[in-house]
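In what follows, a structure is listed as structure tokens, so that the remarks can point back to it.
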Amino acid sequence: MDSLTSSIMPPAGSTISGEVDALFSFILYTSTAILALVTGAIIFFVIKYRRRGDAVRTSGVDHNLALEITWTVLPLILIVIVFVWGFETFVRMHIVPANAMEIKVTAQQWFWSFEYPNGATSVNDLVVPVDQPIKLLMSSRDVIHSFFVPDFRTKMDVLPNRYSIAWFEATRAGEYVLFCTEFCGKGHSKMTGKVTVLSDSAYNVWLEEGSGQAQGESLADYGGRLFTERACITCHRLDGKADIGPSLAGLFGKTEVLEDGSSIEVDENYLRESLLEPSAKVTAGFKPIMPTYQGILKDRDIDALIEFMKSLEKN
Ligand code: CUA
């Protein structure tokens with residue numbers, strides 16, 4: 001890739017990036033050349049044929065067949081090149097290689113969750129091995145989201161009620177930014193994550209261990225880590241201030257007023273139900289928009305989150 005394009009585009013991190021950037025460069029350079037040519041010609045002719053006085057007559061020439069054909073055929077050739085080249089790249093971007101590893105992607109307001117072939121899950125952190133085609137089987141639980149990793153030149157809408165498919169093959173280990181690039185409500189700007197590309201061996205270690213409780217880590221500390229890693233942090237604050245959802249500080253043991261006017265004491269069972277069936281008992285003043293964590297959190301994770309909430313000071 002030339003230096004101008006590489007200064008405009010994000011670093012290339014996938015097998016398709018080079019092709020996308022080459023086409024982008026071609027369009028950029030030919031457009032710039034045509035712009036310069038047309039603008040230059042306009043300025044040249046405006047000066048050369050400016051009105052010099054009342055006596056000067058307008059030229060009688062009103063047609064030039066060779067010129068007409070030239071400026072019709074040349075752009076046509078350019079457009080055909082861009083179409084064929086673009087179509088080839090488009091097809092390669094959309095036909096998933098047969099040996100691709102399939103990862104299930106679920107988008108919802110406002111986080112991403114990923115499910116791996118062995119049943120492991122992660123939230124807002126897609127972990128993949130390097131030099132391996134990855135097929136993403138994507139769906140949304142609510143509105144339209146869009147999966148976008150600029151460094152991979154991978155972007156695909158994620159829709160409710162049907163699957164959309166994208167694929168990429170990362171060429172370097174490292175961390176890459178993942179955006180939701182379809183406006184999906186209040187938390188849209190917070191719906192970011194990352195793609196972690198690991199070496200084959202590191203990936204296998206990660207799969208084995210998952211992101212479970214580390215050795216020597218207390219249950220409350222693990223819960224605190226889940227609070228961030230499982231994206232609770234997108235909607236809940238820990239400082240007593242309400243966000244999209246209620247603050248979790250001092251919540252445990254408190255008596256909460258619900259939407260229907262009844263009240264409930266916040267205990268372990270209420271917290272568990274609120275994680276798995278969030279719209280069952282919604283706190284007054286909040287909308288029933290929290291997604292269910294059914295299938296995303298294991299029992300141990302739920303225990304840890306409850307332990308973490310118990311440990312939070314009242315504010
Ligand atoms: Cu999801 Cu924007």
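We count ligands from 1, going down the list as the structure has it; atoms in each ligand are counted the same way. These numbers come from the heavy atoms of this one structure, side chains and all, not from hydrogens, waters or symmetry mates. Quantities reported herein were computed from a predicted structural model and do not represent experimental measurements. Here, residue 1 is the first one in the sequence, and each next residue gets the next number.
- Around atom 2 (Cu) of ligand 1, protein N, O or S atoms at less than 2.8 Å number 4.
- Ring geometry for Phe183 against His188 counts as perpendicular: the plane angle is over 60°, on a 0 to 90° scale with 30° as the lower cut.
- Nearest heavy-atom pair across Thr234 and Ile244 is O-CD1, 4.3 Å.
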Donor-acceptor pairs are to be reported for all side-chain atoms of residues 275-286 against protein atoms at under 3.5 Å, with residues two or more places apart or in another chain.
residue	atom	partner	partner atom	Å
Lys281	NZ	Glu273	OE1	3.2

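- Asp260 pairs by the salt bridge (charged side-chain N to carboxylate O under 4.0 Å, His left out) definition with nothing, not counting sequence neighbours.
- Considering only residues two or more places apart in sequence or on other chains, Arg51 meets the side-chain hydrogen bond (donor to acceptor under 3.5 Å, both in side chains) condition with Asp54.
- Salt-bridge annotation for Asp299 and Arg272: present, with a side-chain N of the basic residue lying under 4.0 Å from a carboxylate O of the acidic one.
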